[in-house]
Amino acid sequence: MSWWTARTPLQTARRATGVLWQYRTAAAAMRQGNYSLARQYLDDALQTLGGIYGNDPNAKKARSYFHGEAKKTFIGEPYERSMAYIYRGIIYWMDGEPDNARACFRSAEFEDSDAEKHEYAGDWVLADYLDGLATAKLGGDGLDAFKRAQALARGVKLPPYNPKANVLLFLEFGPGPTKYAAGQYGEELRIRTVPSQVTSAEVRVDSLRFAVAPTDDVCFQATTRGGRVMDHILGNKAVFKGTTDTVATWRS
């Protein structure tokens, strides 16, 4: 029995809220250098996420129980789910597990695509680039992944793979997107973005200097994928409230 069918609606809602909290806690833990805590929260969140949105037979079977988008459990926007996999992949890489890291980077692309309708394609530069780099480190050919990443890089020239390189830096700068509800009943999901005042960075190690240009924009990812599950859930609440108002007016 799938975890969806075994839980009540209240339990499911708590589970979904918990996953979003786990995303945020894990990201905060990583920024503080507490990778053990981040690993714990991401593993729990991604286990739940994989049970519904994963690209495997069990996940597909679980999705078959849903007859409409509004009935799906909300476990974050696509960009949030992708970032969770990217963060976990980075931790796997730090732990010396490039094979598991590569699986996470590929899952990040899957979460950013509409696997059912094929309307949207994953377009994360970082996920594709690190997918290919992990493949190269494992002795394979990551050229296809590199080409996909370079095609999406929008003017940024990505460094070629060097399997002998033993240092990987991951930098974040600029504000991320903020979600808020709008509309008469709060039925519209909106994303607020603020342009970053930082457009580049430089890493200095002794006498060496490395210029770093942004490859991905999370705000871009948050606002360019079209309709999402949360829109429909909020929309149904608005429809329900609107119907209630109509009935109340008729009775009066």
Side-chain angles (χ1 to χ4, degrees), residues 3-4 7-31 41-42 44-46 48-53 62-63 65-87 108 110-117 119-124 172-197 216-250 252:
W3 66 266
W4 168 265
R7 286 176 169 82
T8 66
L10 179 58
Q11 289 173 319
T12 300
R14 287 175 176 170
R15 183 75 171 187
T17 303
V19 168
L20 298 180
W21 179 81
Q22 288 166 339
Y23 291 164
R24 298 191 64 179
T25 304
M30 286 188 69
R31 295 182 182 111
Y41 281 118
L42 286 174
D44 192 34
L46 295 179
T48 302
L49 176 59
I52 294 297
Y53 294 97
R63 286 197 296 272
Y65 289 111
F66 302 122
H67 301 290
E69 288 292 307
K71 295 181 181 179
K72 288 186 179 179
T73 301
F74 179 68
I75 314 184
E77 300 298 328
Y79 75 92
E80 293 171 312
R81 304 197 302 261
S82 292
M83 283 302 301
Y85 273 112
I86 289 174
Y87 282 137
F110 175 80
E111 294 300 332
D112 189 50
S113 63
D114 190 327
E116 304 297 331
K117 298 181 180 180
E119 293 179 358
Y120 308 100
D123 58 355
W124 286 87
E172 297 178 311
F173 49 83
T178 302
K179 297 186 292 187
Y180 67 97
Q184 183 178 1
Y185 304 117
E187 76 278 11
E188 297 176 3
L189 172 63
R190 300 288 181 85
I191 304 290
R192 180 183 294 112
T193 62
V194 178
S196 174
Q197 296 182 354
D216 278 308
D217 184 345
V218 180
C219 290
F220 173 82
Q221 294 292 343
T223 57
T224 57
R225 195 180 174 272
R228 290 169 291 264
V229 173
M230 191 61 170
D231 297 346
H232 299 289
I233 292 177
L234 290 175
N236 280 352
K237 289 182 179 178
V239 170
F240 176 79
K241 183 174 177 59
T243 302
T244 303
D245 290 346
T246 303
V247 172
T249 302
W250 177 79
S252 63

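Side-chain atoms are counted along with the backbone in the values below, which use heavy atoms only and exclude waters and symmetry mates.
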Checklist outcome for this item: Across all chains, not counting sequence neighbours, the ring pair (Phe, Tyr, Trp, His ring centres under 6.0 Å) partners of Tyr41 are Trp21

Item to check | Side-chain heavy atoms of Met30 within contact of Glu172, under 4.5 Å | outcome: no

Checklist entry - Sequence neighbours excluded, which residues qualify as side chain to side chain contact (heavy atoms under 4.5 Å, CB included) partners of Ala108? => result Ser82, Tyr85, Ile86, Ala127

Next on the checklist: Tell me the closest heavy-atom pair linking Tyr23 and Gly76, and the distance in Å.
Outcome noted: CE1-CA, 4.4 Å

Checklist entry - Residues in side chain to side chain contact (heavy atoms under 4.5 Å, CB included) with Asp217, at least two apart? => result Cys219, Phe220

Next on the checklist: Between Thr48 and Gln22, is there a side-chain heavy-atom distance shorter than 4.5 Å?
Outcome noted: no

Next on the checklist: Nearest 0.5 angstrom please: Thr25 OG1 to Leu20 CG, how far?
Outcome noted: 10.5 Å

Next on the checklist: Test of understanding: with side chain to side chain contact (heavy atoms under 4.5 Å, CB included), list the residues that count as partners of Arg192, not counting sequence neighbours.
Outcome noted: Thr178, Tyr180

Item to check | Gln221 and Trp124, any side-chain heavy atoms less than 4.5 Å apart | outcome: yes

Next on the checklist: Would you compute the distance between atom CD of Glu77 and atom CE of Met83 and round it to the nearest 0.5 angstrom?
Outcome noted: 14.5 Å

Checklist entry - If you take all heavy atoms of Ser196 and Pro175, which pair is closest and at what distance? => result CA-CD, 3.9 Å

Item to check | Minimum heavy-atom distance Pro177-Ile191, with the two atoms named | outcome: CB-CG2, 3.7 Å

